[in-house]
Amino acid sequence: MHQGNQTTISEFILLGLSKHAELQKVLFVLFLGMYLVTMVGNGLIILAISFDSYLHTPMYLFLANLSFADMSSISTSVPKMLMNIHTKSQSISYESCITQMYFFIVFVIIDNFLLGVMAYDRFVAICYPLNYMTIMQPRICALLTVIPWVLSNTVALTHTLLLIQLIFCDSNILPHFLCDLDLLLKLSCSDTTVNEFMLFVIGLSVITLPFALILFSYIHIIRAVLRISSTEGKWKAFSTCGSHLMLVLLFYGTIIGVYFFPSSTHPDDTDKIGAVLFTVMTPMMNPFVYSLRNKDMKGALRKLINRKRFIPL
Ligand SMILES: *[C@@H]1O[C@H](CO)[C@@H](O)[C@H](O)[C@H]1NC(C)=O
């Protein structure tokens with residue numbers, strides 16, 4: 001039942017990372033730097049892959065998709081946070097808050113599923129090298145990149161439709177720098193049982209499914225690699241998935257860190273630091289993990305930079 005005389009909230013207050021005024025400038029510079037590094041790094045990866053036809057293989061096309069999702073994911077939260085620090089305002093309108101939450105959910109889920117797809121790709125490449133091209137044909141690859149988009153939008157839409165039914169009346173203060181679904185549910189004065197149930201069920205499946213795919217793929221990859229008799233062959237087979245494995249560890253390391261080991265002494269601070277790692281560090285590290293360890297990516301980046309030099313300005 002909606003109570004008629006209750007005023008509903010038209011904006012939320014994002015408290016941000018720190019309440020200390022002198023820290024705001026440091027945070028601004030730090031986050032602006034991380035944002036620019038993420039955008040430039042991932043942008044270079046997409047350009048390098050699209051200009052180098054040698055890299056038009058499923059593995060690199062998935063990587064380009066991951067870079068795109070990373071750029072989008074960080075763009076949902078950090079620019080707004082920077083703007084709020086800059087204008088010394090902490091408010092975000094109800095509509096913006098819901099929109100931010102929607103796209104944040106979408107891109108985190110896409111990231112998660114793409115990591116699963118990339119693990120499956122390495123599994124096929126290492127365990128079925130002769131059939132790789134027939135299994136990972138363009139149509140299948142396109143499907144594997146479209147499915148995460150469809151799934152993530154469905155999930156985000158479900159959460160959003162459930163959220164907009166809720167009434168916000170007492171408080172509009174979010175102790176965070178982005179509109180997090182879990183915090184919004186805690187803030188609402190309606191009954192959120194259904195919302196929380198859906199958050200749990202969908203959240204669990206959206207994390208477990210890709211994780212199961214990654215686990216399945218790597219168990220088979222490791223078994224296949226152990227069967228190779230020469231050390232050099234072993235290393236060669238495994239080196240193609242080393243970068244991916246590092247990304248997986250980074251991604252799930254932060255998720256596990258944030259959600260399974262909340263500190264008992266300063267729960268809010270730890271949550272926030274975890275959220276920062278999750279929203280900023282993972283997308284930022286992706287280009288470095290891939291391009292610093294990978295000969296082909298290094299070559300493609302070198303070609304891209306040399307190519308720019310030849311364009312007369
Ligand atoms: C994403 O992957 C698809 C199919 O694998 C590919 O056609 C597309 O170019 C990729 N997107 C980007 C941004 O590279």
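All ligand and atom numbering here is 1-based and tracks the order in the structure. Computation of the quantities below employed the complete heavy-atom set of this structure, encompassing side-chain atoms and omitting hydrogens, waters and symmetry-equivalent molecules.
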Best match, Thr57, Ile45, Asn65: closest heavy atom to atom 2 (O) of ligand 1: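 That would be Asn65.
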Counting non-hydrogen protein atoms only, what is the nearest one to [atom]? Give residue, atom name and distance.
| atom | answer |
| --- | --- |
| atom 9 (O) of ligand 1 | Leu61 CD2, 4.2 Å |
| atom 4 (C) of ligand 1 | Thr145 OG1, 3.8 Å |
| atom 14 (O) of ligand 1 | Ala64 CB, 3.1 Å |
| atom 5 (O) of ligand 1 | Cys141 CB, 3.6 Å |

Are the side chains of Asp70 and Thr282 in contact, using a 4.5 Å heavy-atom criterion?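 They are not in side-chain contact.
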Do Leu144 and Met136 have side chains that get closer than 4.5 Å, going by heavy atoms?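 Heavy-atom side-chain distance check passes, below 4.5 Å.
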What one should report as the nearest heavy-atom pair of Ile45 and Ser67 is CG2-OG, 3.4 Å
With a 6.0 Å cut-off on the ring centroids, do Phe12 and His176 count as close?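 Phe12 vs His176: aromatic centres not under 6.0 Å.
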So, Tyr128 and His220: side-chain donor and acceptor under 3.5 Å apart, yes or no? no
